[in-house]
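Convention: sequence-line order gives letters A, B, ...; per-chain numbering from 1.
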Amino acid sequence: MSRRTEIADVLAAPKLNETVTVMGWVRAFRSNRFIALNDGSSAKNLQVVVDQEKFDEELIRKVGFHSSIKVTGQLVESMGAGQAVEVHADQIEVLGETNLDKYPLQPKRQTMEFLRENAHFRMRTNTFSSVFRIRHAVAFAVNEYFHKNRFYYMHTPIITGSDAEGAGEMFRVTNFDPENMPKGEDGQIDWAQDFFGKATNLTVSGQLQAEIGALAMGKVYTFGPTFRAENSNTSRHLAEFWMIEPEIAFGDLEDDMDLAEDFSKYLINYILDNYMDDLEFLDKRIQDMEKNMKKEERRPMGLIEMLKFVVDNDFERITYTDAVNMLRNSKPYKKGRFEFPVEWGKDLQAEHERWLVEKKFQKPVIVTDYPKEIKAFYMRMNDDDKTVAAMDVLFPYIGEVIGGSQREERLDVLVSRMKDFGIEEEELWWYLDLRKFGGNPHAGFGMGFERMVQFITGMGNIRDVIPFPRTPKSAEF
RNA sequence: GCCUCUUUAGCUCAGCUGGUUAGAGCGCCGGACUGUUAAUCCGUAGGUCCUAGGUUCAAGUCCUAGAAGGGGCGCCA
């Protein structure tokens, strides 16, 4: 292909009165004269001005919604109000026509549900191209943050032979013929004959392996796909999602919280600093959507305003016990508005978390020191013998985005906790070895990548921040 | 897994207590338009009323079952 200039570059540093060649998809063709061209490099379109007399009528007819074209022409200052510069076309070539009779997308507002069913085209819309530019940028910022802070990117396995990770239902990995599973003498399936010589699953967490890395290299992180076979049908859950799991040696819960807060703010700042065009579009989109809603149902702050507020203020840090006391003194509790009971020892429900984050503090809240019964076996036991050094970071609208803890480094305590949870020592012999040989206090957390992208983009449904969502009964594309 | 709502034109929806040829806006298609910004204006076409049974003289409308999708909750990130 002959050289093209990307539209982001044309707009960022316009070379007025010079000839440029651009290629992109037609977002609109107004008045038989103005083409709004977008090539994905920017949230902003480039306006192409067409003088009909200079072109064949049949050619112009083919320039339709979402057809892809090549335009060569002079870049000049725009006479119109909506843009600074525009291209006056000298040559137009249609690279790919769109048969609008059959094409599902239309130049109008479309629902998220409809676009989800047309996920192979939805990235061509303003909303989704902004969302996926930001998704890319958040992923980049994740790696940049950790690299700058001397964390090593560790690729933990996607296929795991351990079923003691305790984070949920797993997808079985096998190359057995499902019609003819080899059975042992006891009539049970004989996994020893399977590909890996044992039962294997898709990972639900890279944390236990990340601990191996941290206890050798100091600071590591994982960032990869994670799989949960839970039958979860919500706007915050996926069966396949991406998780970021940093793990630090020589660190306690305090260090863990500091890292979680600093990291979260870095990601948000990176988007505020570099993707303002996309944020402005998404912000406006939410405001348009909320126009028809009652005041009390609208967000108290605009998207950009809220992101700035989050990075400019400290996250609130409270213990689980304090949270329970606050909830029991809250208006909705006293008026019986909560569906679920608030009692020390019971896990906080979504409605309780939302009250803490959206009503009480109106900013991210870190809840620490949960009862040991409701948290995982590897979390470090506190001196009170009732709580563990866990922390959940709760964000407005999304709820839990980060879950982490200081890890139990004391061999005897860990062994006794595993016994409580019914986990065989042989199953995790290597995990116990880490405590026997050169162990030390260490901590880490898992951040739901899509949940973070949801928060930054303001998208209401997690299926709309991943290109091809996998959810129960749904794996199209 | 539980609760709840929805399913009518390409899209978003209206269609009352069952009653003749099922409607609107937008989109498509055709036409007009050389400074538009969700362009505008005029015109045409377009329907297995989700599926299968049932009630009835008569079903888009009522009943039963099923399917698909949304929202809420649980599980978690």
Does S31(A) put a side-chain nitrogen or oxygen below 4.0 Å from OP1 or OP2 of G35(B)?
-> no
Residues that D262(A) engages under side-chain hydrogen bond (donor to acceptor under 3.5 Å, both in side chains), provided they are two or more places apart = Y145(A)
Checking only heavy atoms, does the side chain of R228(A) share a donor-acceptor pair with the base of A77(B) at less than 3.5 Å?
-> yes
Rounded distance (Å) that lies between atom P of G70(B) and atom CD1 of I462(A) | 14 Å
What about Q47(A): does its side chain form a donor-acceptor pair under 3.5 Å with the base of U36(B)?
-> yes
Hey, does the side chain of N461(A) come within less than 4.0 Å of G71(B)'s phosphate (OP1/OP2), counting only N and O?
-> yes
Kindly say if R463(A) contacts the phosphate of G70(B), meaning a side-chain N or O under 4.0 Å from OP1 or OP2.
-> yes
Any side-chain heavy atom of F29(A) within less than 4.5 Å of one from F65(A)?
-> no
Interatomic distance, M289(A) CE vs G71(B) C1' [rounded to whole Å] | 14 Å
Quick one: label A81(A) by what it contacts on the DNA or RNA (base, sugar-phosphate, nothing), any heavy atom closer than 4.0 Å.
-> base
For residues 470-477 of chain A, tabulate all N or O donor-acceptor pairs below 3.5 Å that involve a side-chain atom, not counting sequence neighbours.
unit_1  : atom_1 : unit_2  : atom_2 : d
R470(A) : NH1    : E476(A) : O      : 3.0
R470(A) : NH2    : F477(A) : O      : 2.7

May I have all residue pairs that pass ring-ring contact (aromatic ring centres under 6.0 Å, His included) and include part of residues 92-113 of chain A, sequence neighbours excluded?
-> H66(A)-Y103(A), Y103(A)-F121(A)
What nucleic acid atoms does F114(A) come within less than 4.0 Å of, heavy atoms only: base, sugar-phosphate, or nothing?
-> sugar-phosphate
Whole Å only: how far is the OH atom of Y103(A) from the C1' atom of C11(B)?
-> 14 Å
Close side-chain approach of R380(A) and V388(A), heavy atoms under 4.5 Å | no
Just call it for R61(A): base, sugar-phosphate, or nothing, with non-hydrogen atoms closer than 4.0 Å on any strand.
-> sugar-phosphate
What about S232(A), does its side chain sit under 3.5 Å from the base of C76(B) through a donor-acceptor pair?
-> no
For D347(A) and G74(B), what is the distance between atoms CG and C1' respectively, to the nearest whole Å?
-> 11 Å
Any luck finding a side-chain donor-acceptor pair between E230(A) and H237(A) under 3.5 Å?
-> no
Base, sugar-phosphate, or nothing: which does G403(A) touch, judged by heavy atoms less than 4.0 Å apart?
-> sugar-phosphate
Would one find a side-chain N or O of T234(A) under 4.0 angstrom from OP1 or OP2 of G74(B)?
-> no
Pairing stems for RNA chain B [at least three consecutive pairs; Watson-Crick or G-U; under 3.5 angstrom] | B:1-7 with B:67-73, B:10-13 with B:23-26, B:29-32 with B:40-43, B:50-54 with B:62-66
Do any side-chain atoms of residues 88-95 of chain A form donor-acceptor pairs under 3.5 angstrom with protein atoms, and if so which ones, sequence neighbours left out?
unit_1 : atom_1 : unit_2 : atom_2 : d
H88(A) : NE2    : E86(A) : OE2    : 3.0
D90(A) : OD1    : K54(A) : NZ     : 3.4

Check whether any side-chain nitrogen or oxygen of R30(A) sits under 4.0 Å from OP1 or OP2 of U36(B), and answer yes or no.
-> no
Phosphate OP1/OP2 of A68(B) contacted by R116(A) side-chain N/O (<4.0 Å) = no
Whole Å only: how far is the CZ atom of F34(A) from the P atom of C33(B)?
-> 15 Å
Indicate, with a heavy-atom threshold strictly under 4.0 Å, whether E86(A) touches base, sugar-phosphate, or nothing.
-> base
Which part of the nucleic acid, if any, lies within contact of E53(A), taking any heavy atom under 4.0 Å across all strands shown: a base, the sugar-phosphate backbone alone, or nothing?
-> base
Who passes side-chain hydrogen bond (donor to acceptor under 3.5 Å, both in side chains) against T368(A), sequence neighbours left out?
-> none
On a plain distance test, is the side chain of Q83(A) in donor-acceptor contact with the base of U36(B) below 3.5 Å?
-> yes
Base G10(B) paired with Q106(A) side chain (donor-acceptor, <3.5 Å) | yes
Give L105(A) one of three labels, base, sugar-phosphate or nothing, depending on what nucleic acid heavy atoms sit under 4.0 Å from its own.
-> nothing
For H237(A) and G72(B), give me the distance from atom NE2 to atom C1', rounded to whole Å.
-> 13 Å
Between the base of C73(B) and the side chain of R236(A), is there a donor-acceptor distance below 3.5 Å?
-> no
